[in-house]
Amino acid sequence: MSQQQLSAGVCARLSEAAPDEVDGLGAGYTVQLLSIKKVNQTTSAAPAIDRYRIIFSDGVHFVQAMLATQLNDLVSRGEIIKNSIVVIDKLTCNFVQDKKLLIILDLQVVSKEEEKIGNPVSAPSSSILPPDTATETPEASTSTASRPVVSRPAAARPAASGGEGRSIYPIEGLSPYQNNWTVKARVTHKADIRTWSNQRGEGKLFNVTLMDETGEIRATGFNAAVDELYDKLEEGKVYYISRGRVNLAKKKFSNVQNDYEMTLERNTVIEECVDTTNLPTIKYNFISLASMENLQKDATCDVIGIIKEVGPLGEVVSKATNKSVAKRDLTIVDKSLYSVRMTIWGRQAETFTADDLPVVAFKGVKVGDFGGRSLSMLSSSYMSISPDIEEAHLLRGWYDGFGTDKTFQSQSNTMLPGGSSFSGFNRNEMRHLSDVKESQLGMSDKTDIFSTRATVMHIKGENIAYPACPTQGCSKKVTDIGDGWRCEKCDKTYERPEYRYVMSMAVADWSGQLWLQGFNDAGLAVFGKTADEIMEIKERNESDYNALMAHSAGKTFNFSCRAKQDTYNDQTRLRYGVSKMSSVDYYEEAKGLRDLIKESSWAR
DNA sequence: CCCCCCCC
């Protein structure tokens, strides 16, 4: 790299430009980063997002700018370091204490490791730099305890010019000290209206997440603001918003990346933006599913993958609140040949459909450590099915071209003690039945999990199904009350029940045999018929039923099981439950063996 | 002014 390749003159131009001219100067400047420094945040007691101050040079002059926080990964991953050459693709300007502050919104790395080019000096106007650093040269700025830049009390002044002649403020620059702002933001999440009731009173509220190119912020409307504004905002749309209140965020309650949050008030002005140019879009920092194991539990991350499996709709009852919520597990895979379980909740779980293995992008999903690594949507997370972004198209192309053929290593079943697996059947972690007994799985207080391949030898025929509540997600046993079937849980009476399987199966492999308890999914796998159909056969013709039971033996399945002790009538016994059961797919097995051979060192 | 983000 030479001085000629840098965009000489740009630092002087940026430095001298009036604030509302900065955006108009365009972008695409090639510059050298002379310094990258973390700025200490002293205004917020809660842990803050890192902010980086950059000094960049065009070879002649240097200026100072802030790095938009969504680019922080470039620093933390070491993709930009001192002296890296970058192209600044997008730049804006903000006002702090009447000083112009440049914010780098997007950049591309041209070359990471470089020598310093030329001998640049501070750009002519000092108005870009805060007074305490205006005369510093990059080499001399050794102070690590820099003053906070963005969140100081400051005169409110609009930063950049919007399309319709209004002044648009970047979300990253919002603080309690600015008041005359308008943001142009996309609603990336809109929650349902919630009500609360506690000692201090009761009321209703809703949350939205607002996002522009510079950042995101959570906004909440209470009571009257709910009536006034809830219907005005639609997820996915872009709005001009002004006259909201900005306060310090209580970080422990939100995963939205902002030190502040916004309260929408009755007089908050919200106007839909219909101008289709330059709308804010979601910014992702995708990580590969392979690299998930490096993340801590409860961290959030962005991932993109193919939806390989859509689990059935389930229900969990929260231990904390005793409330029931719908959930659904998805399995996503990516180019790193890893798969991971992704749990979605509530209405999203109920309405989720995905026919043809779509690409789905997730932003801000929570990392769990159950059975290895798993992911879960939060209310602040964002999911986009078949997003029109480059990464999605690349993944689509790769998967359709090569991916369908691959086997994926699950993040959600590694690292369990004893090397067992979670819900997915894992060929590498399989146990023989004798091994299950000998290693005393399920004998400790917790549930142990294992995979096995075994053949069904016998199914206890007398009681293979029970009359269940037909309400989706209930499945509780109902009782015949003469003129109908009563579900205590739903407090309803139904004309007829929906039978569901509950079976004891003896299964065997070369090493031994075991009794497994299976539920509805297991019955469907064994019989290929619903329990209703089976019960109908049983009622119509007992010998047909007996023949069916006899024929059910002899088939071989892959099982995912849980071993657990339970106590019933003062008797403690070890029970093995089937969590997943599927016919052996010999084509899949052969592919798995082939991949094993490919992976083994002697074959390389 | 809410504040739960769940379960195996």
Side-chain angles (χ1 to χ4, degrees), chain A residues 46 189 191-209 218-227 230 244-245 247-256 261-266 297-300 311-331 341-350 362-383 410 412-413 416 420-424 442 445-450 473 475 517 519 521 560-564 566 575-580:
Chain A
H189 179 264
D192 293 338
I193 297 170
R194 288 189 296 135
T195 55
W196 84 88
S197 170
N198 56 30
Q199 306 94 306
R200 276 170 295 183
E202 53 187 53
K204 58 182 173 180
L205 70 116
F206 76 105
N207 288 305
V208 289
T209 307
R218 186 168 77 148
T220 306
F222 292 97
N223 303 319
V226 177
D227 302 329
Y230 187 79
R245 200 150 45 87
N247 322 79
L248 206 57
K250 293 178 189 106
K251 301 290 279 185
K252 67 169 176 164
F253 295 130
S254 168
N255 297 283
V256 172
E261 56 190 18
M262 189 188 296
T263 306
L264 303 172
E265 303 187 297
R266 221 171 4 172
K297 174 175 151 62
D298 296 335
T300 55
L313 183 66
E315 182 200 30
V316 298
V317 178
S318 163
K319 280 176 182 160
T321 62
N322 225 21
K323 273 187 189 161
S324 140
V325 61
K327 75 151 219 175
R328 192 189 292 274
D329 285 340
L330 312 173
T331 304
R341 182 171 60 115
M342 168 77 71
T343 305
I344 61 176
W345 302 94
R347 219 173 29 186
Q348 215 158 30
E350 287 165 357
F362 294 89
K363 183 176 171 62
V365 286
K366 192 176 88 161
V367 176
D369 65 355
F370 187 80
R373 281 281 176 272
S374 59
L375 291 170
S376 174
M377 288 279 284
L378 300 169
S379 71
S380 55
S381 307
Y382 179 75
M383 172 173 76
S410 178
S412 304
N413 62 13
L416 267 180
S420 47
S421 74
F422 174 62
S423 72
D445 288 340
K446 61 174 186 49
T447 305
D448 281 317
I449 288 153
F450 63 95
S475 310
Q517 315 305 315
F519 292 96
D521 291 344
S560 300
C561 300
R562 30 196 349 112
K564 192 186 182 179
D566 81 354
R575 309 249 294 173
Y576 302 101
V578 176
S579 51
K580 194 173 172 187

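Lettering follows sequence order; numbering is per chain, from 1. Note that this is a predicted model, so its numbers are computed, not measured.
- Atom CE of A:Met377 and atom P of B:dC6 are 13 Å apart (whole Å).
- Rounded to whole Å, atom C1' of B:dC7 lies 6 Å from atom CH2 of A:Trp345.
- A:Thr220 comes within 4.0 angstrom of a base, heavy atoms only.
- An aromatic stack links A:Phe222 and the base of B:dC1, using centre distance under 5.5 Å and interplanar angle under 30°.
- Between the CG atom of A:Asn247 and the C1' atom of B:dC3 there is a distance of 14 Å, given to the nearest Å.
- Under the 3.5 Å distance criterion, with hydrogens and angles disregarded, no donor-acceptor pair is assigned to the side chains of A:Asn255 and A:Thr300.
- B:dC8 has A:Phe370 stacked on its base ring, the centres lying under 5.5 angstrom apart and the planes within 30 degrees of parallel.
- OP1 or OP2 of B:dC6 sits under 4.0 Å from a side-chain N or O of A:Lys366.
- A:Ser376 and A:Trp345 form a side-chain donor-acceptor contact under 3.5 Å, judged by distance and modelled atom types alone.
- Note: CD (A:Glu265) to C1' (B:dC1) measures 11 Å, nearest angstrom.
- A donor-acceptor contact under 3.5 Å is not formed by the side chain of A:Lys250 with the base of B:dC3.
- One interatomic measurement links the two molecules: NZ of A:Lys319 to P of B:dC5, which rounds to 12 Å at whole-angstrom precision.
- Rounded to an integer number of Å, the gap from CZ of A:Arg341 to P of B:dC7 is 12 Å.
- Among the heavy atoms of the strands, none lies under 4.0 Å from A:Asn255.
- Residue A:Ser379 places its side chain closer to B:dC5 than to any other of B:dC5, B:dC7, B:dC1.
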Please table the atom pairs, donor to acceptor, closer than 3.5 Å between any side-chain atom in residues 362-372 of chain A and protein atoms at least two apart or in another chain.
residue  : atom : partner  : partner atom : Å
A:Lys363 : NZ   : A:Lys283 : O            : 2.9

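- With rounding to whole Å, A:Lys297 atom NZ is found 10 Å from B:dC5 atom P.
- For A:Arg194, whose side chain is taken as the heavy atoms from C-beta onward, the closest listed nucleotide among B:dC7, B:dC4, B:dC1 is B:dC4.
- Phosphate proximity of B:dC2 to A:Arg218: absent, as no side-chain N or O sits under 4.0 Å from OP1 or OP2.
- With sequence neighbours left out, A:Thr263 forms a side chain to side chain contact (heavy atoms under 4.5 Å, CB included) with A:Phe222, A:Arg245, A:Asn247, A:Glu265.
- When rounded to the nearest whole Å, the span between NZ of A:Lys251 and C1' of B:dC5 equals 17 Å.
- Which of B:dC3, B:dC1, B:dC6 sits closest to the side chain of A:Glu261 comes down to B:dC3.
- Of all nucleotides listed (B:dC2, B:dC5, B:dC8), B:dC5 comes nearest to the side chain of A:Leu378.
- In the set B:dC2, B:dC6, B:dC8, B:dC2 carries the atom at the smallest distance from any side-chain atom of A:Asn207.
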- Decide side chain to side chain contact (heavy atoms under 4.5 Å, CB included) for A:Glu350 and A:Leu313; before the verdict, give the C-alpha distance in whole Å, the side-chain angles of both, and the deciding distance to 0.1 Å. CA-CA 7 Å; A:Glu350 287 165 357; A:Leu313 183 66; 4.1 Å; yes

